[in-house]
Protein chains: 2
Amino acid sequence: MAGTRRRGVGRSRPTLEEVAARAGVGRGTVSRVINGSPRVSDRTRTAVEQAVAELGYVPNRVARALAANRADAVALVIPEPETRLFAEPYFSDIIRGVGAELAEADLQLLLTLLRTPKERQRFAEYLSAHRVDGVLLVSVHADDPLPDLLERIEMPAVLSGRRSAHESVPYVDCDNTGGAQSAVEHLIGRGRATVATITGPLDMYVAQCRLDGYRAAIQAAGQEVDPALIVAADFTEEGGRRAMRELLERRPDLDAVFAASDVMAAGARQVLREQGLRVPDDVALVGFEDSAVARHMDPPLTSVRQTTEEMGRAMVRVLLEEIESQGERTSKRPQLVLPTELVRRGSS
Amino acid sequence: MAGTRRRGVGRSRPTLEEVAARAGVGRGTVSRVINGSPRVSDRTRTAVEQAVAELGYVPNRVARALAANRADAVALVIPEPETRLFAEPYFSDIIRGVGAELAEADLQLLLTLLRTPKERQRFAEYLSAHRVDGVLLVSVHADDPLPDLLERIEMPAVLSGRRSAHESVPYVDCDNTGGAQSAVEHLIGRGRATVATITGPLDMYVAQCRLDGYRAAIQAAGQEVDPALIVAADFTEEGGRRAMRELLERRPDLDAVFAASDVMAAGARQVLREQGLRVPDDVALVGFEDSAVARHMDPPLTSVRQTTEEMGRAMVRVLLEEIESQGERTSKRPQLVLPTELVRRGSS
DNA sequence: AGGTACTGTGGGAGCGCTCCCAGGTTGATG
DNA sequence: CATCAACCTGGGAGCGCTCCCACAGTACCT
């Protein structure tokens, strides 16, 4: 399979050695200049820099990686079921943030989709084969063995989102509780008396948090939390539809719904239309994520926006810290929670 | 920046040398077994395989890359304006296809977002620094210098989509003309008499093709192509709105619109609603791309689906061919056009 | 028996870099 | 003026692999 792939001839690039010769210094010195070591005299540095410019020298990163035993690359891992969600602005924004921050650090971004067990297996081998310096994990499930594997082989890693309240691995998350709370407060503030919620699967921490936010807002308004107004779904459109029907059956008098994801809000909206209920006149609707779906709904959906691109950037910064402090057995695992923002549109 | 990142200690992995010692053979022989060379006796091969298994040997790909002067990696490049479109299923599907096919070939996927000129510059250096064996270019503009640069440095590359009818670089495209034609034929087949179209920017080849398809279908139905029924837009929602208004002003009697992208169809749909026109009753609407937007419109949008994931896979296959035939100065550049499929929904 | 033609195999010679040690300078200090 | 630390600097060693040359072994001709 690997076969005999060979690179083309290509006038061979100058090497460190040649730069050294040209500058009239030793290899070590050139290396120091290239890597910005302070232990080089200005005269020497200038000479080397000139030789580099004249020869158009570009370090061979493969050689560097081999010699220094690092990869200069970071893997962004997207586990199976999520490769679908890929199309969400969420991922695209994460990637944009990650890409930008990695570019600044001069690291490569390896995109790894883990779909089949075979691919998982192969990825594990990559890890052992020292192909990456660290791993960014996007939306791993609570039962995914990957984070533990990474911990075992001491591979620096950062999660997007927590798996539980007591997440041990470094992570960057957004303020799910606060975002949900502000969404529900917004509804109450607009005079809605009976605010229901469609939650995600409650075995997912993110869903739990958003429900907590809902509860907090209701209580902050001096109301009782009515279990009849809470229906769990699964973050899908169909789930949103089912949950909405259930809610209308239980409490036909409801006048607002906070859905824990835009897609579920879209499902709920369909059911409302079917039943002749107007949005926002009869029922106000708020989602979470501020995805494309939200903007294209009719009326456009009010939603809680995550600063996703910033999450991506933050993940990289956290990962770099982790890599830096490799070995130093400090148990301080950096964990970060970023704010959310309510985007008001026609649906509320 | 690069600093002193060092890998953790980590019980060092076995090397080729150790495997050789264990199997009682030479380094070369182990290498041959690992790489599936046929010039190894069965007895030896078995012995080596056993040693590999016992030691849990995994080849160090960095060392391999250095020695063999290849990178075992391919870059997927997404130039600036497009990083926005990222969220489209189009990209996500391309990436899924590319990822799957690369995994099979045991190559790494490097994701490269080219946003700033600085990033472009840096990328050019990667190329020279032998970090990748080939490049996949997604939606490059006709005036992007990248394809030419790649050609100049003899870096294998494949485009998604042609830049013009006479594309010289290897590419994989979908049948834009045929897709558009089938969409318009569908509208005519449903009894629509006056079918208009909203095109993309006509300096883009893809927009040109879709318009050609529209024309072909109209003519195939024995009708004249009426220039008043053709309005150019820019693939944006706002452009779709403007174009729809223009069309309704020119030909208030139109009863169908083929928009060359889903997003423009979404814009058109808004204008139709504003003007009290029902979809599909008064005006039937068809888009192109079959993106998430299409499914979430009201009514759901009929659209032309591209087999995008397959395009990704095909791009990789083409690229591998190109890499394989490096140096052999055959002028046969592989170029591929994949079929499209009309997905019928409520809007027509 | 000597030649010719394979096939299998070992291991030297790198790939281009970083690491690190030893050695040479310099300037301040006792 | 000797001493010593602080600083630069050159270059050997080596990262783990592939490439390729040389050589032994076997088989089949003259």
Side-chain angles (χ1 to χ4, degrees), chain A residues 2-7 9-10 12-48 51-52 55 57-72 106 125 128-131 133, chain B residues 2-7 9-10 12-48 51-52 55 57-72 128-131 133:
Chain A
T4 5
R5 255 174 279 117
R6 300 286 290 117
R7 296 309 320 291
V9 276
S12 62
R13 313 235 105 237
T15 70
L16 236 208
E17 193 94 43
E18 296 173 53
V19 175
R22 173 131 195 165
V25 300
R27 249 180 18 258
T29 303
V30 177
S31 175
R32 254 161 265 153
V33 172
I34 299 294
N35 294 296
S37 156
R39 331 193 127 291
V40 181
S41 71
D42 286 346
R43 256 169 44 89
T44 313
R45 163 167 290 114
T46 311
V48 171
V52 165
L55 265 43
Y57 170 74
V58 179
N60 180 325
R61 314 188 94 228
V62 176
R64 173 183 297 187
L66 178 61
N69 191 28
R70 60 188 150 103
D72 275 348
D106 201 21
E125 285 173 12
S128 330
H130 284 320
R131 282 293 278 188
D133 296 324
Chain B
T4 5
R5 255 174 277 117
R6 299 285 293 116
R7 296 306 323 289
V9 276
S12 62
R13 314 233 103 237
T15 69
L16 237 208
E17 192 95 41
E18 296 173 52
V19 175
R22 174 131 194 165
V25 299
R27 250 180 18 260
T29 304
V30 177
S31 175
R32 254 160 264 153
V33 172
I34 299 294
N35 293 295
S37 157
R39 330 193 128 289
V40 181
S41 71
D42 285 347
R43 257 169 44 87
T44 313
R45 163 167 288 114
T46 311
V48 171
V52 165
L55 264 43
Y57 170 74
V58 178
N60 180 325
R61 314 187 96 231
V62 176
R64 174 182 295 188
L66 179 60
N69 191 29
R70 57 188 152 102
D72 275 346
S128 329
H130 286 318
R131 282 293 276 187
D133 295 324

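The sequence lines fix the lettering, A, B, ..., with proteins before strands; numbering per chain opens at 1.
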(request) Identify the two heavy atoms, one from A/Ala23 and one from A/Ala47, that lie closest to each other, and give their separation to 0.1 Å. (result) CB-O, 4.0 Å

(request) Search all heavy atoms of A/Asp133 against all heavy atoms of A/Asp72 and return the closest pair with its distance. (result) OD2-N, 2.7 Å

(request) May I have the distance from A/Arg61 (atom CZ) to C/dC17 (atom C1'), rounded to whole angstrom? (result) 13 Å

(message) Rounded to whole Å, please give me the gap between CG in B/Leu66 and P in C/dT18.
(response) 12 Å

(request) Would you kindly give the CZ-to-C1' distance between A/Arg131 and D/dG16, to the nearest whole Å? (result) 13 Å

(message) Which heavy atom of B/Arg131 sits nearest to which heavy atom of A/Ala71, and what is that distance?
(response) NH2-O, 3.5 Å

(message) Does a side-chain N or O of B/Thr29 approach OP1 or OP2 of C/dT9 to a distance below 4.0 Å, or not?
(response) no

(message) In this structure, how many angstroms lie between the P atom of C/dC19 and the CD1 atom of A/Ile34, rounded?
(response) 14 Å

(message) Looking at every non-hydrogen atom in both residues, tell me the closest pair between A/Leu55 and A/Pro14 and how far apart they are.
(response) O-CG, 3.4 Å

(request) Give the rounded distance in Å between these two atoms: CZ of B/Arg43 and P of C/dG8. (result) 13 Å

(request) Between A/Ser31 and B/Pro38, just flag the one whose closest nucleotide in DNA chain C comes earlier from the 5' side. (result) B/Pro38

Pairs: protein N or O with nucleotides 20-25 of chain C N or O, under 3.5 Å:
none

(message) Assess the residue pair A/Arg13 and A/Val58 against the criterion (side-chain contact (heavy atoms from CB on, under 4.5 Å)); give the C-alpha distance rounded to whole Å, side-chain angles, the decisive distance to 0.1 Å, and a yes or no.
(response) CA-CA 8 Å; A/Arg13 313 235 105 237; A/Val58 179; 4.0 Å; yes

(request) Check A/Arg45 against A/Ser37 and note the closest heavy-atom contact, atom names and distance. (result) NH2-O, 2.7 Å

(request) Please check the phosphate of C/dT18 (OP1 and OP2 only) for any side-chain N or O of A/Asn69 closer than 4.0 Å. (result) no

(message) Does anything in residues 20-27 of chain B come within less than 4.0 Å of DNA chain C? Heavy atoms only, and list the residues if so.
(response) B/Gly24, B/Val25, B/Gly26, B/Arg27

(request) Please determine if a side-chain N or O atom of A/Asn60 lies less than 4.0 Å away from the OP1 or OP2 oxygen of C/dC15. (result) no

(request) Choose from C/dC17, D/dC15, D/dC17 the nucleotide whose nearest atom is closest to any side-chain atom of A/Thr15. (result) C/dC17

(message) Quick check on DNA chain C: between A/Val30 and B/Arg39, whose nearest nucleotide comes earlier from the 5' end?
(response) B/Arg39

(message) With a 4.0 Å limit, can you tell me whether B/Thr44 has a side-chain N or O closer than that to the phosphate oxygens OP1/OP2 of C/dG8?
(response) no

(request) Hey, could you give me the CZ/CG distance between A/Arg64 and A/Asn35, rounded to the nearest 0.5 Å? (result) 5.0 Å

(message) In whole Å, I'd like the distance from the CG atom of A/Leu16 to the C1' atom of D/dG11.
(response) 12 Å

(request) Search all heavy atoms of B/Val30 against all heavy atoms of B/Val25 and return the closest pair with its distance. (result) CG2-CG2, 3.7 Å

(request) Check the distance between C/dG8's P and B/Arg45's CZ and give it to me in whole angstrom. (result) 9 Å

